[in-house]
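Numbering of residues begins at 1 and proceeds along the displayed sequence.
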Amino acid sequence: SVGEKERQHFAGHFNKILEVCKPERVILLHVDTEVHKAEEFTMEDCPIVFKTYAAGGTHMPVAFDWVAKEGIEPDCMVFLTDGETDYGDVQDYPVIWLITTDCVATHGETIPYEVLED
């Protein structure tokens, strides 16, 4: 439910996470009411360009469900969203919400993000 401008800003943050944190791997989930696509990236894949595989009607608990079903134990889960979603239950790992509206997540850390005009 975010536009192209937000998606490109999110891609910039995603690439910065790879460049600065140098994680072993990052899994990008394309989510609305289901996980439409899961992509895995490493630093060598930079720069990543985001494509649209899901759009609108977001229900973020499906991302938590997917991670649990896959047996993944994330060091951290970062959501890039407009915040118009159900936030699901508190997890056993850190959750960060980068949100482009005035919404505040019910758990984890909310980081407000304004997409500035060029």
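- For the residue pair His30 and Glu39, a side-chain donor N or O sits within less than 3.5 Å of a side-chain acceptor on the partner.
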Applying side chain to side chain contact (heavy atoms under 4.5 Å, CB included) to Thr81 and Met60, what does each step give before you reach the verdict? CA-CA 9 Å; Thr81 179; Met60 290 302 183; 3.8 Å; yes
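- Closest approach of Pro61 and Asp86 over heavy atoms only: CD-O, 3.0 Å.
- Every residue two or more places apart in sequence or in another chain was checked for a side-chain contact (heavy atoms from CB on, under 4.5 Å) with Asp65, and none qualifies.
- Cys46 SG to Phe41 CZ: the interatomic distance, rounded to the nearest 0.5 Å, is 9.5 Å.
- Remark: Thr106 pairs with Tyr87 by the side-chain contact (heavy atoms from CB on, under 4.5 Å) rule, at least two apart or across chains.
- A donor-acceptor pair is defined here as one N or O able to donate and one able to accept, closer than 3.5 Å; such a pair exists between the side chain of Thr101 and the backbone of Asp82.
- Partners of Val67 according to the side-chain contact (heavy atoms from CB on, under 4.5 Å) rule, which considers only residues two or more places apart in sequence or in another chain, are Leu29, Ile72, Pro74, Met77, Tyr93.
- Under the 4.5 Å side-chain criterion, counting only non-hydrogen atoms from C-beta, Val31 is not in contact with His36.
- Between Phe64 and Phe79, the distance separating the two ring centers is shorter than 6.0 angstrom.
- Gly83 approaches Cys103 most closely through the heavy-atom pair O-SG, 3.6 Å.
- The line from NE2 of His9 to CG of Leu80 is 12.5 Å long, rounded to the nearest 0.5 Å.
- In this structure, Glu109 has no side chain to side chain donor-acceptor pair (under 3.5 Å) partners at least two apart in sequence or on a different chain.
- Between the side chain of Gln91 and the backbone N or O of Asp89, at least one donor-acceptor pair lies under 3.5 Å.
- Scored by the side chain to side chain donor-acceptor pair (under 3.5 Å) test, Glu70 finds no partners at all (sequence neighbours excluded).
- With values rounded to the nearest 0.5 angstrom, Glu84 atom CD is found 14.5 Å from His59 atom NE2.
- The side-chain contact (heavy atoms from CB on, under 4.5 Å) check on Cys76 picks up Val78, Pro94, Ile96, with sequence neighbours excluded.
- Using a 4.5 Å cut-off between side-chain heavy atoms of Ile, Leu, Val, Met, Phe, Trp and Tyr, with links allowed through other members, Val95 and Val104 fall into different hydrophobic clusters.
- At distances below 3.5 Å, at least one donor-acceptor pair connects side-chain atoms of Trp97 with backbone N or O atoms of His107.
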Kindly list each side-chain donor-acceptor pair under 3.5 angstrom involving residues 12-26, sequence neighbours excluded, with atom names and distances?
{"residue": "His13", "atom": "NE2", "partner": "Tyr113", "partner atom": "OH", "Å": "3.4"}
{"residue": "Asn15", "atom": "OD1", "partner": "Ile48", "partner atom": "N", "Å": "2.6"}
{"residue": "Asn15", "atom": "ND2", "partner": "Ala11", "partner atom": "O", "Å": "2.9"}
{"residue": "Asn15", "atom": "ND2", "partner": "Ile48", "partner atom": "O", "Å": "2.9"}
{"residue": "Lys22", "atom": "NZ", "partner": "Glu19", "partner atom": "O", "Å": "2.8"}
{"residue": "Arg25", "atom": "NH1", "partner": "Glu40", "partner atom": "OE1", "Å": "3.0"}

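- In this structure a side-chain-to-backbone donor-acceptor pair under 3.5 Å is missing from Thr33 to Thr58.
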